[in-house]
Amino acid sequence: MNRDEFLHLLDQHKIDRNMVTFDSFVAEGYCLRKNHFRWETLYRERDTDYELMGFPSESNALESLLTKLIQLYGK
């Protein structure tokens, strides 16, 4: 899965795509970022990282984050 596919699937499930940022610092919300040799997903609130998970590829990270967002916010 690539970022365009990920965003399209968010739209299909009526999940606000602005909840997720890519490769940038976010004060609050979900983030996908490259950290040295792995990809990470996390939820950030009040400048604190929660639910940090590492993945070997961007595709794996996107799939995991999509599954989580659909479970929490999907319609």
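Between Glu28 and Arg44 there is no salt bridge, since none of the side-chain N atoms of the basic residue sits less than 4.0 Å from a carboxylate O of the acidic one.
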Result block: side-chain N/O donor-acceptor pairs under 3.5 angstrom for residues 58-66, not counting sequence neighbours:
residue : atom : partner : partner atom : Å
Glu58   : OE2  : Arg3    : NE           : 2.5
Glu58   : OE2  : Arg3    : NH2          : 3.0
Ser59   : OG   : Met1    : N            : 2.7
Ser59   : OG   : Glu63   : OE2          : 3.4
Asn60   : OD1  : Ser57   : OG           : 2.6

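You'll find the side chain of Glu40 stays beyond 4.5 Å of the side chain of Leu32, heavy atoms only.
Rounded to the nearest 0.5 Å, atoms CE (Met19) and CG (Leu69) are 5.5 Å apart. Summarising the geometry, atom OG1 belonging to Thr48 is positioned 11.0 Å from atom CG belonging to Leu42; distances are rounded to the nearest 0.5 Å. Note that OG1 of Thr41 is 7.0 Å distant from CG of Leu52, once rounded to the nearest 0.5 Å.
Evaluation of the ring pair (Phe, Tyr, Trp, His ring centres under 6.0 Å) rule for Tyr30 yields Tyr43 as partners, not counting sequence neighbours. In this structure, the side-chain hydrogen bond (donor to acceptor under 3.5 Å, both in side chains) partners of Lys68, at least two apart in sequence or on a different chain, are Glu51.
In terms of heavy-atom proximity, Arg17 sits nearest to Leu10 at CA-CD1, 4.0 Å.
Side-chain atoms of Asn2 come within 3.5 Å of backbone atoms of Glu5 as a donor-acceptor pair (strictly under, hydrogens ignored).
Counted within 6.0 Å of NE2 on His8, heavy atoms from surrounding residues, nucleotides or ligands total 12 or fewer; the atom is thus considered open.
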